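Presented below is the structure to which this report refers.
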Amino acid sequence: MQPPCPATPCAVPDTETLRRAALRRSWMRDRRVGRRRLAWRWTLWLLGRYGPPLAAAVLLAASLAWWLAPTAAPPGAPTDASTDAAPVAATAPRVVAPGPADAGAPLPPLHPAPAPGRPLLRLDPNPMPQPAPSAPPVPAPQAPTEP
């Protein structure tokens with residue numbers, strides 16, 4: 001089925017008008033594309049130039065803020081508003097558990113002091129001593145000499 005014909009005939013533009021309209025649209029599109037490409041070039045240049053120092057500054061500021069921020073109270077911990085009440089005296093007796101018989105004796109040191117002349121820190125990569133070889137090493141074969 002064909003669409004109905006309009007009551008008045010439409011003016012058909014001539015070829016020169018169509019050509020000029022197409023050129024105008026093409027020129028407008030070309031200008032938009034050019035502006036967009038130029039904006040992208042400037043954006044990439046600015047990000048390449050100032051992006052790394054800006055990112056480092058933001059990272060430094062965030063880590064400093066995180067480092068200096070007060071620690072948050074665990075969930076369920078009393079807040080400052082709930083500690084305004086007067087303290088309550090304990091009613092239960094204090095229970096002290098008896099200690100071991102040698103509670104007054106000093107504890108042995110965790111790391112004994114090094115022997116005189118030995119360094120405080122072992123710098124060898126393998127802290128365990130290696131066992132002595134049980135057999136002498138086999139000498140490498142020598143190349144035969146010509147007589």
Side-chain angles (χ1 to χ4, degrees), residues 1 3 6 10-146:
M1 179 168 191
C10 297
V12 178
D14 61 342
T15 57
E16 184 63 22
T17 307
L18 286 175
R19 185 181 70 80
R20 285 186 184 192
L23 283 175
R24 186 173 36 250
R25 274 189 247 113
S26 174
W27 181 78
M28 288 171 56
R29 181 182 180 278
D30 183 44
R31 298 286 293 183
R32 276 195 317 266
V33 169
R35 282 193 300 262
R36 184 176 63 231
R37 287 181 180 170
L38 188 62
W40 273 112
R41 284 186 197 134
W42 275 106
T43 303
L44 290 177
W45 182 83
L46 287 171
L47 282 177
R49 174 93 169 123
Y50 299 109
L54 183 64
V58 167
L59 183 65
L60 180 66
S63 62
L64 187 64
W66 178 77
W67 181 265
L68 296 177
T71 57
T79 60
D80 290 339
S82 65
T83 57
D84 292 339
V88 178
T91 57
R94 188 169 168 213
V95 178
V96 178
D102 60 347
L107 295 174
L110 291 176
H111 301 288
R118 301 271 319 229
L120 294 175
L121 179 66
R122 290 187 63 156
L123 299 177
D124 56 341
N126 189 0
M128 298 298 294
Q130 296 294 322
S134 58
V138 178
Q142 296 181 352
T145 58
E146 292 185 28

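Count residues from 1 along the sequence. What you are looking at is a predicted structure, and each value in this text was computed from that prediction instead of being measured.
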State, to 0.1 Å, how close L47 and P52 come at their nearest heavy-atom pair, and which atoms those are. O-CD, 3.5 Å
Got a second to check how far T43's OG1 is from L38's CG, nearest 0.5 Å? 9.0 Å
Gap between atom CG of L44 and atom CZ of R49 - 0.5 Å precision: 15.5 Å
Does atom CH2 of W45 have more than 12 heavy-atom neighbours from other groups under 6.0 Å away? yes
Value for CE (M28) from CZ (R25), rounded to nearest 0.5 Å, stands at 9.5 Å
Determine yes or no for a side-chain-to-main-chain donor-acceptor pair under 3.5 angstrom, with S26 supplying the side chain and A22 the backbone. no
